[in-house]
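Contents: one structure, followed by commentary.
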Amino acid sequence: MIKLNIEGIGEFEFEDGITLKEIIEALKEDHKKIKKQEKEIVGAKLGDDIIDVHTPIRKSGNLKLLTKKDKDSLEILRHSLAHIMAQALKELYGDKNVHLGIGPTTEVGFFYDVEVEGKRLTEEDLPIIEEKMKEIISRNYDIVREELPREEAIKFFEDKKEFYKVELIKHDIPEGEPISVYKQGEFVDLCRGPHIPTTGYAPFAFKLFNIAGAYWKGKEGNPMLQRVYGVAFWAEKELKKYLNMLEEAKKRDHRKIGKELELFIIDEDVGGGLALWLPKGAIIRNEIETDWKNEHIKRGYQLVYTPHVGKEGLWQTSGHVNFYRENMFPEMQIEEEGYFVKPMNCPFHVEIYKSRQRSYKELPIKLAELGTVYRYERSGVLHGLMRVRGFTQDDAHIICREDQVDEEIRKVLEFAIETLKKYGFEEFQVFLSTRPEKSVGDDRMWEVATNALRKAIESVGLEYDIDEGGGAFYGPKIDVKIKDAIGRMWQCSTIQFDFNLPERFDMYYIGEDNKRHRPYMIHRAIFGSIERFIGVLIEHYAGLLPLWLAPIQARIIPIADAHIPYAKEVEQKLKEAGLRVEVDERNERMNKKIRDAELQKIPYMLVVGDKEWQTGTVSVRTKKKGNMGVFTIDEFKERAKKLIEEKSLEL
RNA sequence: GCUGGCGUAGCUCAGUCGGCAGAGCAGGUGAUUUGUAAUCACCAGGUCGUGGGUUCGAGUCCCACCGCCAGCUCCA
C-alpha cells in the first residue's frame, strides 16, 4: 500500500501501482472537487515529478492535481505533441524509414530528433507535418501506457528498425528500471511519459517552427539527426503571444539595430567575433565605462591596467595552459619564449597583488580593470556582440581575509544589483552553484565561501536556485541573470570564489600573528562582458537608449533654411551645457527630418521655426511622448541636464 | 568545428526555362522653403562572395573555398 496526500482533498491509502486515472475514478463520487475538475485533470505532481493519468504510482508522497491552469501541465501536453509529431512523420514517410532519437520538451514547446531515410526534411515540409498532426489529434486516440521486459523491448524496437531507441534501452536505462512504452493508435514509442489522456485532448495550440541538425545524444562525431522544433500552449492566445515575441525579438536584434544606428560592425576582413566600435557605439561604451570606473573608485576598488599578452610560464602557473588551452589563441614565439594572448585577467591581477608583501591591515584589496580578453570560439557559435572572440570583462578581484568574506560578498552583490537596476533591469534570476565532486580547496573554505554567498543573496532579498555541485572545481559561485523587456534571460554578473590560484601563485599576507596566511580570492564581474551587455541593452530598449547613453541626445530640426542660423544658436547653447546635439541642415521637409530622427532613435527632436525663433524657444518632440510642447532653450537645457545627471530612464 | 539555408549597388531586396544586370532607400546635382513619421526631377553607382568547371552563352547548372544566418556543441 502507498499513502498519498492529495493537495486540497485529503490523505488516502491506495494499492501500490494505482494510476491517477483510477484514483480519480475511485474518489470522484465522494469528493465534489474532483468530480468538478474530472475532465480538467491533465496529470499530477508527485513530489517534484510530473506524472500523467496512465503511470502506476509506486511511492507515497504529496500529490498535487494538475489542470490546464497549472504551468506544469504544459510539460505533459508538449511531451505528447512530440509523440504526435513522430507519429505524423511515420505516417508520412513510412514507419520503417523514420528512426526516432529523443523527443523532449523545451521552455516553450518540444522537439524530436529524427532520421528519415531517403528524405531530408525542409521548412516546406513543416506545414505538411502539421496537417498530419492535426489529423492524428482529431482521431482522438486513447494514449495507453505499457511496461515491457527489457529483452522484449529491445526486440520490439529492433524489429521496428528503431536503432536509436534500442541504444537508449541498452545504454541509458539502468537494469531493473521498468521500460515503458506509450501507444496511440498504431504508434508505439519508448517513453517514460508523461502524456495527456488522449491525442485529442483539446483545446490546445501548437506550431512547428524550425528544423536544424543535432548530433545524436549531443555528441560530436555521432550521426547528425534532424531536429524539428515546435511551440505549444493550451491557448491559442498564448501561442500567438509567443510568436509575437519572436517577431519582436527579430525587430530588436542588436545586429540589425547596430547596423542601422551605426554603433558597431563586425568586418570579415578583420575577422569573425572581433567588433569594431563606430563613433556612435563608442559613445555608449564610453558612458558606461566612465560610470563603471567612477562607481568602482567610490567603493574602494583600485583601477589597474594589464597587458594583452603574457609569457607561457605565467599561464603554466595559473593552469590555463593545461586546462583552458582549447579556448586560447595559439601560442606565439618571441625570442625563444612562448607567449599567449590573455583569455582572462586574473593572473595579472595576482601578480599585482604579489608586487610587494601584503599585511592583513591592507586587506581587502580590490583590483578592477576593464580587461579585454581573447578566447578562441568555434566559428559556428559567434553571434553579434553576444558571443565574440575578443571581449572586455568588467573584471575585479577581491583579495581578503576570512573574516571579511561575508561583508565583501554582500557588497559585491548589492553593487551588481544596484548597477543592473540603473540600466533599467528589474527582474533577476540568481543561481548559487555549490561544490562539485572534483574540486580543490579544503572543506572549511568551501563552507565559509558557500555560506557567504547564500547569506549575501538572502540579505539582498532575492529568490535563488541552487545548482548543487554546479560550481567550478576551484570554488562556489553566484550567477545573476537579467530579464529583458520581452522576457528573455541574459547571463550577466558572476561572483566566483577561487581556491586554486592563491595556491598556484602562492599568494599570502602577513597576519597579526606575524605568520603567512592564504587569502581568499574572489573573481567578479557585473556586466560580464561589456560587448554582450551593450548588445542586451540595445535589444532591451529596441535601440531607444536612456538619454544619458544616447549617442545623439537631441536633433534640432529647422523648418526651413531661414531657421538654420537660429538652430545653430540653439545647438551652440546646448553643446556648451554638455549635451550631444546636432542640427539637421538638409534641404528636406520637416516631416522627413522627424521621420529620420525617429528611425535613428534620437531621444529629443527640437523643432524650430518662426515662432520659436521669435520667442527664443524650441518645440520638443520625443519618440515616447510625441509633441511635448514649447520650452525655452534654458528650460529644455536644465531638464535634459537633470535627466542625464540622474541617469533617468525618462525623457 | 558539424548539419542545413543564404551571399546580386553603401543598405533592403527582385531577377521566370541558361539568352543585353533591376527597384526602393541611402549618396550627388538642381528645383522647392515646407509646423510634428517619407516634396519633386535628374545623375551616378555592379568582377552578381572568391576560384575553377559544364555550355555557343552562366547571376542562374556543377565542384571547391570564404563569409553570413539558424540549430547542435560550448559559453562572458
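Convention: sequence-line order gives letters A, B, ...; per-chain numbering from 1.
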What's the closest nucleotide to the side chain of A/V381 if the choices are B/C74, B/G35, B/G71? B/C74
Parallel, tilted or perpendicular, judged at 30° and 60°: which one describes the rings of A/Y374 and A/H308? tilted
Who pairs with B/U34 - Watson-Crick or G-U, where each distance is under 3.5 Å: none
Does B/A41 have a Watson-Crick or wobble partner in any strand here, with both distances under 3.5 angstrom, and which is it? B/U29
Selection from B/C2, B/C74, B/C66 that lies nearest to any side-chain heavy atom of A/E377: B/C74
Watson-Crick or G-U wobble partner of B/C61, both distances under 3.5 Å: B/G53
In whole Å, what is the span from the CD atom of A/Q600 to the P atom of B/A26? 12 Å
Taking the minimum atom-to-atom distance to the side chain of A/R387, which one of B/C75, B/C72, B/G35 wins? B/C75
Close aromatic pair by centroid cut-off 6.0 Å: A/Y604 and A/F636: yes
Tell me which of A/R255 and A/G380 sits closer to the 5' end of RNA chain B, going by the nucleotide each one is nearest to. A/G380
Under 4.0 Å between a side-chain N/O of A/H383 and OP1 or OP2 of B/A70, yes or no? yes
Counting only Watson-Crick pairs (N1-N3 plus N6-O4 or O6-N4) and G-U wobbles (N1-O2, O6-N3), all under 3.5 Å, who is the partner of B/G1? B/C72
Can a donor-acceptor pair under 3.5 Å be found between the side-chain atoms of A/Y376 and the base atoms of B/G1? no
Is any side-chain N of the basic residue among A/R299 and A/E418 closer than 4.0 Å to the acidic one's carboxylate O? yes
Is a donor-acceptor pair below 3.5 Å formed from side chain A/D561 to base B/U33, judging by atom type as modelled? yes
In the structure shown, which nucleotide is the Watson-Crick or G-U wobble counterpart of B/U12, with both distances under 3.5 Å? B/A23
Across all strands shown, which nucleotide pairs with B/C6 by Watson-Crick or G-U wobble geometry, both distances under 3.5 Å? B/G67
Check the distance between B/G4's C1' and A/F111's CZ and give it to me in whole angstrom. 17 Å
With a 6.0 Å cut-off (strictly less than), is the heavy-atom count around NZ of A/K573, excluding the residue itself, greater than 12? no
